[in-house]
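All values derive from a computational prediction rather than experimental measurement.
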Amino acid sequence: MIRLGDLANYCIIALSVGLVLSIGRALLIPLVIAMLLWFIVKQIRFSLDHVKIFRKLIPVWAKYLVSFTVVVGVLNFIIIIVYSNFRNLLDTYQKYEANIIALINIINERFDINLTEHLEVYLQKFDMASMVLAVVNLSTLLLSNLTMVIVYAVFLFLEEPAFQSKLKRLFPQPETFENAYNTIKKIEFSVSRYLGVKTLISFTTGLLSYIVLEIFSVDFPVFWAFLIFVLNYIPAIGSIIATLFPVAFSLLQFGDLFPGIFVLLSIGTIQFFIGNFLDPKIMGDNINLSPLVIILSLAFWGTIWGVIGAILSVPITVVIVIILSKFPNTRPIAIMLSGRGDIG
């Protein structure tokens with residue numbers, strides 16, 4: 001049982017950690033992303049070890065180099081495609097801005113309301129150019145942080161060979177070292193499985209959504225499909241937001257309600273079946289978290305770290321639960337945070 005005094009101490013510690021995470025977000029977010037990049041490269045290197053010729057003939061540093069090159073190449077390809085689509089969107093935004101008025105007129109006629117009067121104040125304040133500029137500034141900020149991410153990742157790779165020897169010195173007792181080492185391995189296994197399954201599900205959703213957007217001739221389908229792919233990493237609300245973006249854009253593009261309704265029904269159906277049938281079947285018991293904890297972690301990490309925090313909320317919480325489960329004093333907390341109460 002958790003005593004009242006211990007609970008108060010845990011609350012104070014949690015608030016202190018939350019304050020540090022919020023204040024140090026500019027430093028910590030690139031570090032966490034670098035750790036994720038390091039982790040992905042490491043998993044690819046492990047996959048190369050399954051190929052006999054790679055395992056025997058190629059040294060470890062070369063396999064890391066190949067893995068890192070693959071990851072950077074994929075990221076570079078995605079950035080080029082998305083940036084190209086986004087630039088095209090910037091060049092044609094005035095056409096979509098004009099369709100807002102046409103769409104409002106259609107709504108007024110079909111539903112016999114005066115939407116223009118209610119939205120006049122908001123339309124005067126609406127400036128798509130400013131909104132686009134804000135997105136550009138956000139993209140610039142992300143690119144500037146990319147340098148820090150790469151630097152952190154390089155030093156993580158340099159640190160890895162000496163990590164196990166440091167761990168042995170930190171835990172000189174064999175039993176304690178084995179416990180710490182197994183905890184790290186459990187974290188790697190849980191996070192890698194979650195990321196692998198979630199990436200597969202998000203990619204499938206993005207690909208099917210791309211096909212739908214192509215069928216309905218929605219402009220920039222690659223950009224919207226990539227946005228759907230990324231937002232599906234956000235639990236609970238990510239799929240809803242991911243659906244609304246291309247639907248809203250189709251309304252602006254065509255200046256009519258029916259294309260938006262068709263896109264909403266099509267992508268919404270994809271999200272519904274994948275989210276309610278495919279996702280639970282494939283994910284299975286990979287995430288041992290309470291649904292309430294998932295929502296709370298989404299709110300917490302989204303508040304202090306924004307979109308990046310929302311995307312990383314589940315794997316971070318999984319790591320926290322695993323660590324808490326290894327200490328007698330915090331094990332009850334891990335049990336409460338888990339989905340089934342079984343923490344191994």
Side-chain angles (χ1 to χ4, degrees), residues 9-43 68 71-72 75 78-79 134-135 137-160 162-163 166-167 170 180 183-195 198-199 202 230-238 241 287 289 293-327 330 333-334 337:
N9 291 333
Y10 294 148
C11 290
I12 293 173
I13 293 172
L15 289 174
S16 302
V17 171
L19 183 62
V20 171
L21 291 172
S22 180
I23 295 175
R25 56 180 296 173
L27 175 68
L28 294 174
I29 290 178
L31 178 60
V32 171
I33 296 175
M35 293 178 68
L36 187 62
L37 178 63
W38 165 77
F39 183 79
I40 293 172
V41 170
K42 189 175 180 180
Q43 296 306 308
F68 187 77
V71 172
V72 172
L75 290 176
I78 292 173
I79 290 172
V135 175
N137 290 336
L138 176 61
S139 302
T140 303
L141 179 62
L142 292 175
L143 289 175
S144 64
N145 287 333
L146 185 60
T147 303
M148 293 182 64
V149 169
I150 294 175
V151 170
Y152 286 148
V154 169
F155 278 94
L156 284 172
F157 288 125
L158 295 175
E159 186 72 18
E160 184 179 356
F163 177 75
K166 289 183 178 181
L167 196 65
L170 185 62
T183 300
I184 294 173
K185 287 300 179 183
K186 184 176 181 181
I187 290 173
E188 288 186 1
F189 177 78
S190 299
V191 174
S192 64
R193 175 164 290 190
Y194 169 78
L195 290 177
K198 198 63 179 178
T199 299
S202 297
V230 172
L231 291 177
N232 267 269
Y233 282 92
I234 301 177
I237 64 171
I241 300 174
I287 304 178
L289 292 178
V293 171
I294 292 176
I295 296 298
L296 292 176
S297 67
L298 171 64
F300 174 77
W301 291 104
T303 300
I304 63 173
W305 281 3
V307 176
I308 298 296
I311 292 174
L312 298 176
S313 59
V314 170
I316 290 176
T317 308
V318 168
V319 172
I320 292 174
V321 171
I322 292 174
I323 294 174
L324 292 177
S325 69
K326 296 301 178 180
F327 300 96
T330 57
I333 299 177
L337 295 178

How close do Ala34 and Ala153 get, heavy atom to heavy atom, and via which atoms? CB-N, 3.7 Å

Rounded to the nearest 0.5 Å, how far apart are CD1 of Ile40 and CD of Gln43? 9.0 Å

Main-chain N/O of Ile294 paired to Ser297 side chain as donor or acceptor, under 3.5 Å: yes

Rounded to the nearest 0.5 Å, how far apart are CD1 of Ile316 and CD1 of Ile311? 11.0 Å

Quick one: do Phe39 and Leu195 satisfy side chain to side chain contact (heavy atoms under 4.5 Å, CB included)? Show the steps, please. CA-CA 10 Å; Phe39 183 79; Leu195 290 177; 4.2 Å; yes

Heavy-atom closest contact (Trp305 atom, Leu21 atom, distance): NE1-O, 3.0 Å

Stepwise side chain to side chain contact (heavy atoms under 4.5 Å, CB included) check, Val293 with Val321: CA-CA 11 Å; Val293 171; Val321 171; 5.8 Å; no

Point-to-point distance, once rounded to the nearest 0.5 Å, from CZ of Phe157 to OH of Tyr152: 15.5 Å

Evaluate Ile320 against Leu324 for side chain to side chain contact (heavy atoms under 4.5 Å, CB included), listing each step before the verdict. CA-CA 6 Å; Ile320 292 174; Leu324 292 177; 3.8 Å; yes

Would you sort out whether Ile150 and Phe155 count as a side chain to side chain contact (heavy atoms under 4.5 Å, CB included), showing the intermediate values? CA-CA 9 Å; Ile150 294 175; Phe155 278 94; over 6 Å; no

Taken to the nearest 0.5 Å, the spacing of Ser192 OG from Ile187 CD1 works out to 11.5 Å

Which heavy-atom pair separates Pro235 from Ala310 by the least distance, and what is that distance? CD-O, 3.7 Å

Which atom pair, heavy atoms only, marks the closest approach of Leu28 to Val20? CD1-O, 4.2 Å

Got a sec, which pairs hit side chain to side chain donor-acceptor pair (under 3.5 Å) with one end in residues 25-41, sequence neighbours left out? Trp38-Glu160

With a 4.5 Å cut-off on side-chain heavy atoms, are Phe300 and Ser313 touching? no

Just verifying a value: how many Å separate Lys42 NZ and Phe68 CZ, rounded to the nearest 0.5 Å? 16.0 Å

For Ile184, which residues count as a side chain to side chain contact (heavy atoms under 4.5 Å, CB included) partner, sequence neighbours excluded? Phe163, Leu167, Glu188

Working to the nearest 0.5 Å, report the span between CD1 of Ile33 and CE of Met148. 10.0 Å

Looking at every heavy atom in both Trp301 and Gly309, which two are closest together, and how far apart are they? CB-O, 3.3 Å

Ile241 and Ile234, any side-chain heavy atoms less than 4.5 Å apart: no

Heavy-atom pair with the smallest gap, counting every atom of Ser190 and Val318: CB-CG1, 3.9 Å

